Peer 1: 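Quick one: the structure is below, and I'll ask about it shortly.
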Protein chains: 2
Amino acid sequence: MTSDAGPVRPPTIRTVAARAGVSKSLVSLVLQNSPRVSEQRRAAVLAAMDELGYRPDPAARSLAERRTRTVGVVLDDLTNPWYVDLLAGLRPVLHEHGLRPLLADGATEPDAVAALTDLRVDGIVVVGTPSDPVVEQVLALGDVLPVVVAGTRESRLGTADIVANDDDAGARLATAHLLEQGHRRISHIVGRGEVGGLRREGHVATMRAADLAQHCVDGDWTEETGHRLAHELLTGPDRPTAILAANDRSAVGVLTAADELGLAVPGELSVVGYDDTVLARLPRLSLTTVDSHIAEVGQAAGEALCARLAGDDPGAPTTRLITPALVVRGSTGPAR
Amino acid sequence: MTSDAGPVRPPTIRTVAARAGVSKSLVSLVLQNSPRVSEQRRAAVLAAMDELGYRPDPAARSLAERRTRTVGVVLDDLTNPWYVDLLAGLRPVLHEHGLRPLLADGATEPDAVAALTDLRVDGIVVVGTPSDPVVEQVLALGDVLPVVVAGTRESRLGTADIVANDDDAGARLATAHLLEQGHRRISHIVGRGEVGGLRREGHVATMRAADLAQHCVDGDWTEETGHRLAHELLTGPDRPTAILAANDRSAVGVLTAADELGLAVPGELSVVGYDDTVLARLPRLSLTTVDSHIAEVGQAAGEALCARLAGDDPGAPTTRLITPALVVRGSTGPAR
DNA sequence: CTGAAAGCGCTTACAG
DNA sequence: CTGAAAGCGCTTACAG
């Protein structure tokens, strides 16, 4: 027969103190690795903690410390592997610094940033192109909270540190690759926002340097739009021999259009994506693309935020660009 | 010139009480929608909150309430779209009940469950086939915390509620579809764990009912293994005319093997996956598969957990199975 | 090097 | 219907 004392409460510093024969404060000092504790008592306290299975209560700690050791991460769409890969780089950095990520979906939840500040996060990482409400709320934050933008250069967020892939350079790599393969009629399906603009600039500059006409059409990052635009491009006059899509998802739409039209890839059409997502790596797609080293972007973003939180970097907002790399697969070949 | 009063502290119930001219406790009662507050004072308090932009501090609330309104979600691999889709169903349910999910990676972090209990989560959802350490830790929990297993039937976790796709039924649907197409030599690439076993059973039972020989080979859910096993099957004696893979990822490996061997799909080989992930929907793959209605599984799991937390269901562990549906695409066709 | 006390911002009985 | 008080489990000056 067990006594009916209700649910057992987990041990507290008080329990630990009693067991170790010291005061509550001493336990707290041990918890924080304070040097002002004798080795003997420290050992006694640690032993007591171990025996009792003591674990500090995060809520109590947050309340007393006036910080939560959590970081808000605003993202758009976890379905997009791009975000998942970036998180894979960000998460370990936060973990090493004793911080936990709290995810919020900026697309479905317009008040994502407000929701995070309600949770008293210590800082915020905005991942990818932020929606207008997100930008507004971040600006409204002023500088009460450190904010880092990861994965996109967002000029409206002037007070935030920025870590992004060098989209301009990536688009240059991709375009140069197509030129080397002898392509001259190259179309570019542009992406939205500043990232889309930067990729277009890199493409256009490279085409111009080669004295070639540029042909850009406005897309929106989605497979559907890539599909539709590619269909138009491939059935119109002066059919391009190569299409540079703003990202892998658009490129997948391009492949679909080519398949439907019976155009061999890369025999009759070369296709390049951007991001090197899992899609690009599928053997059936085998998409030439640009690896944006997105996990590295996430890692650098985490480091930037931790530096701000540590307070050792009170300087002006920084921008750090990660250099991308071309990944040649089966969707590109010589122009014929 | 602004006064240098340090960082402004957010308003507390004390601030609100002062502004509304009431006591702290009254503010707290309003916060909890208590009926024992006069309309007039309630209005005054709400107005004060609004003017001050008051938001309750979750840490303080957690500490006083002795619960955190958070739910630990143990998963294996966010890279797998299956998990993301399940989360999409789970998240809204938790949200409606004022709960927040805290994600933990059971694969990379062996102590995931312990980490979550350290955070004082109110309950736990184990998603997918749990690793051995996860099972051990959940069992060690006893019944101090409600646990729901989502997406797999895990017999070792006898005290937990279970919500899963009816894998047996799904495998029957898939196999029946192949039989209808006239296939007689069908191989099955089995998945690991209980889910793999259930899918195999459904397949085997259907084959047996049709008086056909079964041919199962052990896989492990991955593309690589699917690829390797399919290669063996397709180059061996008595080449199957159809392969049922345990999941979409394995099926992608099968497609790759078929492509390499120059076997037309579905002309010379029909391929079926399971899960209806984004992979299956790619036009270039166009994979016939079984939709496990995984978002619905996530939703039901959330509801089960909330019921436990509400305490209105102190009964024995429940098991709820979601009925899957066949999705016919381009990777299956008549046997020739 | 150690301890007693105040405080973090809430909720919850308990009196009135 | 309302208020004063104690308490949740921790940290942080402040004395010794």
Side-chain angles (χ1 to χ4, degrees), chain A residues 6-46 48-49 52-70 98 117-122, chain B residues 5-46 48-49 52-70 98 100 117-122:
Chain A
V8 279
R9 292 194 179 181
T12 70
I13 51 169
R14 174 169 276 123
T15 332
V16 173
R19 175 134 191 164
V22 300
S23 74
K24 273 174 29 185
S25 330
L26 209 266
V27 176
S28 185
L29 288 178
V30 171
L31 231 35
Q32 303 162 68
N33 270 312
S34 163
R36 358 181 311 212
V37 179
S38 65
E39 269 321 307
Q40 195 183 345
R41 311 196 86 151
R42 179 190 305 281
V45 170
L46 289 176
M49 286 180 174
L52 293 167
Y54 169 79
R55 315 263 35 196
D57 184 316
R61 172 173 284 183
S62 293
L63 186 57
E65 282 187 336
R66 330 195 82 258
R67 60 170 175 156
T68 56
R69 301 176 187 242
T70 62
T117 54
D118 284 355
L119 289 166
R120 307 292 198 268
V121 293
D122 295 335
Chain B
V8 278
R9 290 194 179 179
T12 71
I13 51 169
R14 176 170 273 121
T15 332
V16 173
R19 175 132 190 166
V22 300
S23 75
K24 274 174 29 186
S25 329
L26 209 267
V27 175
S28 184
L29 289 178
V30 171
L31 232 34
Q32 302 162 69
N33 271 314
S34 165
R36 0 180 309 211
V37 180
S38 65
E39 269 321 307
Q40 195 183 345
R41 312 196 84 150
R42 181 191 303 281
V45 169
L46 289 175
M49 285 180 176
L52 293 167
Y54 169 79
R55 315 265 33 198
D57 183 316
R61 173 173 285 182
S62 293
L63 186 57
E65 283 188 336
R66 329 195 83 260
R67 60 168 175 158
T68 56
R69 301 177 189 242
T70 61
R100 287 188 56 83
T117 54
D118 284 356
L119 290 167
R120 306 292 198 268
V121 293
D122 296 335

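Just so you know, these numbers come straight off a predicted model, no measurement behind them. Just so we're on the same page: letters track the sequence lines, and every chain starts at 1.
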Peer 1: Side chains of A/Thr15 and A/Thr12: do they bring a donor and an acceptor to under 3.5 Å?
Peer 2: yes
Peer 1: Could you report the tightest heavy-atom contact between B/Leu31 and B/Met49, atom names first, then the distance?
Peer 2: CD1-CE, 3.1 Å
Peer 1: Rounded to whole angstrom units, what separation is found between the CE atom of A/Met49 and the P atom of D/dG9?
Peer 2: 15 Å
Peer 1: Report yes if at least one side-chain N or O of B/Gln40 is closer than 4.0 Å to OP1 or OP2 of D/dC1; otherwise report no.
Peer 2: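 The answer is no; no side-chain N or O of B/Gln40 sits under 4.0 Å from OP1 or OP2.
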Peer 1: Write down the partner of D/dG3 under the Watson-Crick or G-U wobble criteria, each distance required to be under 3.5 Å.
Peer 2: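 Paired with C/dC14.
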Peer 1: On DNA chain D, nearest-nucleotide positions of B/Ser23 versus B/Arg66: which is more 5'?
Peer 2: B/Ser23
Peer 1: Any heavy-atom pair between the side chains of A/Thr70 and A/Leu119 that's under 4.5 Å?
Peer 2: no
Peer 1: Separation of B/Arg61 atom CZ from C/dC10 atom C1', in whole Å?
Peer 2: 8 Å
Peer 1: So for A/Ser25 and C/dA4, does any side-chain atom that can act as donor or acceptor lie under 3.5 Å from a complementary atom in the base?
Peer 2: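 Present.
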Peer 1: If you draw a 6.0 Å radius around CD in A/Gln32, do more than 12 non-hydrogen atoms from other residues or ligands fall strictly inside?
Peer 2: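 It does: A/Gln32 CD has more than 12 such atoms within range.
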Peer 1: Please tell me which of the listed nucleotides, D/dG9, D/dT2, C/dC8, lies nearest to the side chain of B/Leu29?
Peer 2: D/dT2
Peer 1: Tell me if the CZ atom of B/Arg55 is crowded by more than 12 foreign heavy atoms within 6.0 Å.
Peer 2: no
Peer 1: A/Asp57 CG to D/dG9 P: how many Å, rounded?
Peer 2: 7 Å
Peer 1: Could you check how far CZ of A/Arg14 sits from C1' of D/dC10, rounded to whole Å?
Peer 2: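 Interatomic distance, CZ of A/Arg14 to C1' of D/dC10: 10 Å.
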Peer 1: Whether A/Asp122 and A/Arg67 form a salt bridge (side-chain N of Lys/Arg under 4.0 Å from carboxylate O of Asp/Glu) is what I want to check.
Peer 2: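 No, A/Arg67 and A/Asp122 are not salt-bridged.
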Peer 1: Tell me if the side-chain of A/Arg36 makes a donor-acceptor pair with the base of C/dT2, cut-off 3.5 Å, by modelled atom types.
Peer 2: yes
Peer 1: Whole angstroms only, please: what is the CZ-P distance between A/Arg67 and D/dT11?
Peer 2: 10 Å
Peer 1: Would you mind telling me which of D/dT11, D/dA6, D/dG3 lies closest to the side-chain atoms of B/Leu26?
Peer 2: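 Among D/dT11, D/dA6, D/dG3, the one nearest the side chain of B/Leu26 is D/dG3.
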Peer 1: What is the separation between atom CG on A/Leu119 and atom P on C/dG9, rounded to the nearest whole Å?
Peer 2: 17 Å
Peer 1: If I take atom CG in residue B/Leu63 and atom C1' in nucleotide C/dC10, what distance separates them, rounded to the nearest angstrom?
Peer 2: 8 Å
Peer 1: Check every strand shown and say whether A/Ser38 touches a base, only sugar-phosphate, or nothing at a heavy-atom separation below 4.0 Å.
Peer 2: sugar-phosphate
Peer 1: Does B/Pro58 reach a base, just sugar-phosphate, or nothing at all? Heavy atoms under 4.0 Å.
Peer 2: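 If one applies the 4.0 Å heavy-atom cut-off, B/Pro58 turns out to touch nothing in the nucleic acid.
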Peer 1: Look at the side chain of B/Ile13 and decide which nucleotide, out of D/dC8, C/dT11, C/dC8, has an atom nearest to it.
Peer 2: C/dT11
Peer 1: Starting from C1' on C/dC8, measure out to NZ on A/Lys24 and report it in whole angstrom.
Peer 2: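 The distance from NZ of A/Lys24 to C1' of C/dC8 comes to 13 Å, rounded to the nearest Å.
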Peer 1: Counting only distance, no hydrogens or angles, is the base of C/dT2 paired donor-acceptor with the side chain of A/Arg41 under 3.5 Å?
Peer 2: no
Peer 1: Just checking A/Arg42: base, sugar-phosphate only, or nothing, at a heavy-atom cut-off of under 4.0 Å?
Peer 2: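 A/Arg42: no heavy atom of the nucleic acid under 4.0 Å.
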Peer 1: Using a 4.0 Å heavy-atom cut-off across all strands, classify A/Thr12 as base, sugar-phosphate, or nothing.
Peer 2: sugar-phosphate
Peer 1: With a non-hydrogen cut-off below 4.0 angstrom, is A/Val27 in contact with a base, only sugar-phosphate, or nothing?
Peer 2: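 The answer is nothing, as A/Val27 stays clear of every strand by at least 4.0 Å.
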Peer 1: Closest to the A/Glu65 side chain: D/dT12, C/dT11, D/dC8?
Peer 2: D/dT12
